[in-house]
2 protein chains.
Amino acid sequence: MEEGTSKEPSHSECTEDAFQWDTREDCDVRQILDRIGDKWSLLVIALLDNRVLRFTELKKTIDGISQRMLTVTLRQLERDGLVRRTVHPVVPPRVDYELTPLGVTLHDTIQALVSWTEKHQNEIATARATYDSRDAVVR
Amino acid sequence: MEEGTSKEPSHSECTEDAFQWDTREDCDVRQILDRIGDKWSLLVIALLDNRVLRFTELKKTIDGISQRMLTVTLRQLERDGLVRRTVHPVVPPRVDYELTPLGVTLHDTIQALVSWTEKHQNEIATARATYDSRDAVVR
DNA sequence: CTGTATCCGTGCAGATACTG
DNA sequence: CAGTATCTGCACGGATACAG
């Protein structure tokens with residue numbers, strides 16, 4: 001394993017002395033960002049609503065994720081205590097994934113983000129179109 | 001400009017026919033993910049609470065962002081209609097950034113995410129420690 | 001079925017230098 | 001001050017092959 005094992009992406013240490021509003025808060029935000037912003041974690045959490053899903057079910061449903069990335073993502077989420085991984089000692093192997101109580105609380109927050117996106121995607125699309133056309137005129 | 005101009009990261013097209021729960025929704029989620037998950041956008045939006053900030057002020061406050069990334073991030077947010085950019089024709093130049101009404105609504109949602117992080121960071125840290133120690137034993 | 005191991009290409013971010 | 005332009009590296013993700 002390569003990046004999955006790395007403890008932190010080696011951000012600058014959280015200095016305690018800055019007065020900026022952020023520095024301490026920054027560390028928190030970066031941590032969550034590096035978790036949910038890694039392109040797949042949010043999807044997985046959103047998908048694991050209150051269900052129990054198997055590895056293959058997740059892979060089929062997410063559509064576009066590679067086996068490797070799903071494994072890495074699930075390991076990270078498991079390490080963070082957001083997802084519980086249950087291995088059934090049967091053959092063929094069966095592994096179930098579900099949200100932990102902590103994961104559920106994050107799911108709620110994430111759901112708000114997803115809802116926001118659905119609600120405002122048209123406005124964003126419009127804004128982009130406007131920006132791009134104006135940009136074209138300037139050029 | 002390189003990646004700033006790219007319309008979309010060329011995800012697989014949003015097929016309408018899939019029954020997966022996601023595929024349509026996926027597109028929305030991916031879009032917002034690619035926006036807020038790019039490590040800096042969320043920070044900028046959180047920082048721009050209800051203030052007007054200059055380029056340098058943002059750069060100083062965010063602490064760790066490069067000039068280039070701040071520029072790229074701000075352009076993306078402007079394009080998405082989340083941030084308004086105001087250039088004052090003075091010398092030396094002065095450029096103000098502030099959230100648009102749309103940006104404010106996203107800010108609220110993001111704030112919930114930041115709050116979640118602050119509230120649960122200890123639990124995550126504990127979970128990680130547990131996971132790592134157990135991992136060490138197994139090995 | 002559920003992974004791990006390895007190789008490999010690319011895209012994103014940092015550093016630096018330059019400009020209006 | 002507020003950017004652009006360019007080079008560069010390496011971390012990340014995909015593909016593939018293999019294993020328990």
Side-chain angles (χ1 to χ4, degrees), chain A residues 1-12 30 33-44 52-78 83-97 135 138-139, chain B residues 1-12 30 33-44 52-78 83-97 135 138-139:
Chain A
M1 201 172 294
E2 331 133 44
E3 65 270 282
T5 320
S6 63
K7 304 311 174 189
E8 289 313 314
S10 73
H11 283 132
S12 58
R30 303 276 174 90
L33 251 185
D34 292 341
R35 190 56 55 239
I36 70 153
D38 69 354
K39 187 177 188 177
W40 298 118
S41 297
L42 211 160
L43 269 321
V44 170
V52 177
L53 291 178
R54 302 181 56 178
F55 186 86
T56 308
E57 291 172 332
L58 282 168
K59 183 161 188 333
K60 271 190 309 186
T61 313
I62 290 187
D63 169 73
I65 193 171
S66 65
Q67 197 171 32
R68 172 192 146 86
M69 281 296 101
L70 181 55
T71 302
V72 171
T73 302
L74 286 169
R75 285 295 131 80
Q76 286 175 336
L77 293 174
E78 187 194 4
V83 162
R84 172 163 41 237
R85 178 170 176 267
T86 311
V87 181
H88 300 279
V90 297
V91 44
R94 175 197 179 93
V95 182
D96 288 336
Y97 294 93
D135 190 54
V138 172
R139 176 174 309 117
Chain B
M1 202 171 294
E2 329 130 45
E3 66 269 279
T5 321
S6 65
K7 306 309 175 191
E8 288 312 316
S10 74
H11 283 130
S12 57
R30 301 278 173 91
L33 250 185
D34 292 340
R35 189 58 52 241
I36 70 153
D38 68 355
K39 187 176 189 179
W40 298 118
S41 296
L42 212 157
L43 267 324
V44 170
V52 178
L53 291 177
R54 303 180 57 176
F55 185 86
T56 308
E57 291 173 332
L58 282 167
K59 184 163 189 329
K60 271 190 309 185
T61 312
I62 290 186
D63 170 72
I65 194 172
S66 65
Q67 197 172 31
R68 173 193 147 88
M69 282 292 80
L70 181 54
T71 302
V72 170
T73 302
L74 286 170
R75 285 295 130 79
Q76 286 175 336
L77 293 174
E78 187 195 4
V83 162
R84 172 162 41 237
R85 177 170 176 266
T86 311
V87 181
H88 301 279
V90 296
V91 44
R94 174 195 180 96
V95 182
D96 288 336
Y97 293 93
D135 189 55
V138 172
R139 178 173 305 117

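A, B, ... follow the sequence lines: proteins, then strands. Residue 1 opens every chain.
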Can you see if the side chain of [X] gets near the phosphate of [N] - specifically, an N or O under 4.0 Å from OP1 or OP2?
X: B:Y97; N: D:dC1; result: no
X: B:R54; N: D:dC1; result: no
X: A:R85; N: C:dG3; result: yes

Item to check | A:V72 vs A:R75, side chain to side chain contact (heavy atoms under 4.5 Å, CB included): CA-CA, chis, key distance, verdict | outcome: CA-CA 5 Å; A:V72 171; A:R75 285 295 131 80; 5.8 Å; no
Checklist entry - Residues two or more places apart in sequence or in another chain: which of them pass side-chain contact (heavy atoms from CB on, under 4.5 Å) with B:V83? => result B:L48, B:L77, B:Y97, B:L99
Next on the checklist: My understanding is that only residues two or more places apart in sequence, or in another chain, count here; which of them pass side-chain contact (heavy atoms from CB on, under 4.5 Å) with A:T86?
Outcome noted: A:R84, A:H88, A:D96, A:E98
Checklist outcome for this item: Smallest heavy-atom separation, B:T73 atom then B:W40 atom, equals OG1-CB, 3.6 Å
Take atom [atom1] of [X] and atom [atom2] of [N], then tell me their distance rounded to the nearest Å.
X: A:R68; N: C:dC7; atom1: CZ; atom2: P; value: 13 Å
X: A:R75; N: C:dG3; atom1: CZ; atom2: C1'; value: 7 Å
X: B:I65; N: D:dA2; atom1: CD1; atom2: P; value: 14 Å
X: B:H88; N: D:dA2; atom1: NE2; atom2: P; value: 10 Å
X: A:K59; N: C:dT4; atom1: NZ; atom2: C1'; value: 15 Å
X: A:F55; N: D:dA19; atom1: CZ; atom2: C1'; value: 14 Å
X: B:Q67; N: C:dG20; atom1: CD; atom2: C1'; value: 14 Å
X: B:K60; N: D:dA2; atom1: NZ; atom2: C1'; value: 14 Å

Checklist entry - Which angle, to the nearest 10 degrees, lies between the helix axes at the two ends of the helix from C:dC1-D:dG20 to C:dG20-D:dC1, each defined by five pairs? => result 50°
Checklist entry - Are B:K60 and B:E57 within salt-bridge range, i.e. N to O under 4.0 Å? => result no
Item to check | Working for side chain to side chain contact (heavy atoms under 4.5 Å, CB included), residues A:I65 and A:L43 | outcome: CA-CA 10 Å; A:I65 193 171; A:L43 269 321; over 6 Å; no
Item to check | Of B:L74 and A:S66, the one whose closest DNA chain D nucleotide lies more 5' | outcome: B:L74
Next on the checklist: Please report the interatomic distance OG1(A:T56) to CZ(A:R94), rounded to the nearest 0.5 Å.
Outcome noted: 10.0 Å
